[in-house]
Amino acid sequence: MIITEVRLHRVSMPLIAPFTTSFGTEYIREALLVEVTAETQNGAVTGWGECVAMEEPLYSAEYVDGCTEVIRRWLVPALTGVEGLVAESVAHHLRHVVGHPMAKAAVEMAVLDAQLRAAGQSFQSYLGATRSSVPSGVSVGIQDSIEQTLHVVAGYLDEGYARIKLKIAPGWDVEPVRAVRRMVGDDVLLQVDANAAYTLVDTSTLRRLDEFDLLLIEQPLAENDLRQHAQLASRLRTPICLDESIVSAESAADAITLGAAQVINIKPGRVGGYLEAVRIHDLAKAHGVAVWCGGMLETGLGRSANAALAALPGFVLPGDISASARFYQLDITEPVEMHGGEVEVDATPGIGRAPIPEILARFRTAEIEVCRR
Ligand code: SMG
Ligand code: MG
């Protein structure tokens with residue numbers, strides 16, 4: 001294919017309820033969508049990508065305005081002249097730009113979507129996914145009280161979610177987890193996510209979580225603390241799962257080799273795209289390390305693509321792939337639904353769902369034409 005037009009759409013989607021983590025509270029999802037139009041052997045085709053960077057650089061160094069700038073000034077210009085462009089070569093054409101995995105992932109996703117649509121192929125068939133639906137986990141933000149936490153968790157369990165993840169932070173860890181475990185009983189899959197809020201000094205606190213039979217503790221220490229995570233892992237019974245630290249297949253290999261991660265959270269955006277995500281899946285599977293698919297409050301675009309990725313055989317734990325309704329009253333695509341604890345994998349051509357034009361227009365706050373041939 002050859003790219004003929006690229007448009008960026010900035011959308012502002014209000015969350016149903018604020019979402020609080022150890023690093024801050026989200027009220028609105030500021031999302032960035034990449035629309036790529038290309039000429040292919042089968043005619044003109046349009047593909048969509050979603051950039052998962054947050055509004056502020058608190059979860060990762062990238063943030064949505066920065067990604068917009070990088071995509072517009074450096075990534076798109078590196079691709080527009082390329083004849084015979086394929087999704088599998090996007091990372092190669094962008095390799096001179098240092099870092100910016102979330103921006104690169106969004107562009108690669110749009111090209112892959114266009115490629116699959118032109119070929120009439122679904123993402124699940126492209127990936128060789130082995131399941132037609134995936135178990136759906138839900139991430140529960142830090143609440144104002146333990147009572148409120150119990151209420152929210154009970155609501156999600158009533159809805160049928162297959163796994164509960166509680167956000168924790170220093171001062172909000174042992175007691176809320178104890179209360180939730182007591183309420184839900186031993187059979188409910190339960191895990192926690194610290195978003196890098198602790199240091200090794202907190203080892204004794206984190207060790208107290210061992211008694212709650214958690215599936216895993218996600219990213220207790222800072223992004224670059226691979227050695228420290230390995231040290232912590234040797235002192236805890238609860239498996240350590242890395243999220244923020246895993247930014248590429250290379251870092252995943254390092255984490256596995258060091259014993260820093262017994263489990264890996266794969267977020268396609270954080271690692272530079274779905275193709276790198278598959279490489280991490282393959283690597284982890286070969287090493288017997290469990291992976292699951294993380295979430296970044298995606299719109300239906302990224303949410304449906306994540307469901308297809310999570311249908312690969314190495315994704316042995318439920319992902320943060322909830323229904324659109326977990327975060328949004330109205331999604332910009334057909335909503336992703338959860339039934340009986342599962343989200344169905346789309347079998348239609350393309351990497352994910354496409355925005356519905358009228359709804360996109362309603363939530364859009366800016367539209368930038370980056371290139372047109
Ligand atoms: O999309 O369900 C979702 C959110 C899952 O907790 C979630 N994501 O660290 O795993 C994580 C966080 C990152 C985003 S927090 C604003
Ligand atoms: Mg996380």
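Each ligand, and each atom within it, is numbered from 1 in the order the structure gives. Numbers here simply count residues along the sequence, with the first being 1.
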Practice task
Give a yes/no answer: is there an N/O/S atom of Glu244 under 2.8 Å from the Mg ion (ligand 2)?
Solution key: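 No.
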Exercise for the section: Decide, counting backbone as well as side-chain atoms, whether Asp243 has an N, O or S atom less than 2.8 Å from the Mg ion (ligand 2). Expected result: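 Yes, since at least one N, O or S atom of Asp243 sits under 2.8 Å from the Mg ion (ligand 2).
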Ligand 1 versus [X]: contacting region, heavy-atom distance under 4.0 Å:
| X | value |
| --- | --- |
| Asp243 | side chain |
| Arg326 | neither |
| Asp193 | side chain |

I'd like to know if [X] and [Y] make a salt bridge, using a cut-off of under 4.0 Å between side-chain N and carboxylate O.
| X | Y | result |
| --- | --- | --- |
| Arg7 | Glu369 | yes |
| Arg364 | Glu367 | yes |
| Arg178 | Glu211 | yes |
| Asp331 | Arg353 | no |

Mind checking whether [X] has an N or O less than 3.5 Å away from an N or O of ligand 1?
| X | answer |
| --- | --- |
| Asn265 | no |
| Arg303 | no |
| Met54 | no |

Handout entry: Partner of Asp243 by salt bridge (Lys or Arg N to Asp or Glu O under 4.0 Å), out of Lys167, Lys165, Arg270
Key =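 Exactly one candidate clears the test, Arg270.
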[X] vs [Y] side-chain heavy atoms within contact, under 4.5 Å:
| X | Y | result |
| --- | --- | --- |
| Ile332 | Leu33 | yes |
| Leu242 | Asn265 | no |
| Ser122 | Pro349 | no |

What protein heavy atom lies closest to [atom]? Include the residue and the distance to one decimal.
| atom | result |
| --- | --- |
| atom 8 (N) of ligand 1 | Gly295 O, 3.1 Å |
| atom 1 (O) of ligand 1 | Leu297 N, 2.7 Å |
| atom 6 (O) of ligand 1 | Ser139 OG, 2.7 Å |
| atom 9 (O) of ligand 1 | Asn195 ND2, 2.7 Å |
| atom 3 (C) of ligand 1 | Phe327 CE1, 3.5 Å |
| atom 12 (C) of ligand 1 | Lys167 NZ, 3.2 Å |

Practice task
Check each atom of ligand 1 against the heavy atoms of Glu26 and keep those under 4.0 Å away; list them by number with element.
Solution key: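 Per the distance check, 16 (C).
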Practice task
Within a distance under 4.0 Å of any heavy atom of Phe23, pick out the atoms of ligand 1 and give their elements.
Solution key: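 Those qualifying, in numeric order: 15 (S), 16 (C).
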Handout entry: Sub-4.0 Å heavy-atom approach of Gln219 to ligand 1
Key =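 No, that is not the case, since the closest heavy atom of the residue is not under 4.0 Å from the ligand.
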Practice task
For the Mg ion (ligand 2), find the closest N/O/S atom belonging to Glu218 and write down its atom name.
Solution key: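 For Glu218, the N/O/S atom sitting closest to the Mg ion (ligand 2) is OE2.
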Problem - Minimum-distance atom from the Mg ion (ligand 2) among N, O or S atoms of Asp193 - result: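 When I compare the N, O and S atoms of Asp193, OD2 is nearest to the Mg ion (ligand 2).
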Handout entry: Axial cation check for Trp292 ring with Arg163, 6.0 Å and 45° limits
Key =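 Geometry flag: set, cation within 6.0 Å and 45°.
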Handout entry: Plane angle bin for Tyr161 and Tyr156 - parallel if under 30°, tilted between 30 and 60°, otherwise perpendicular
Key =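 Correct class here is perpendicular.
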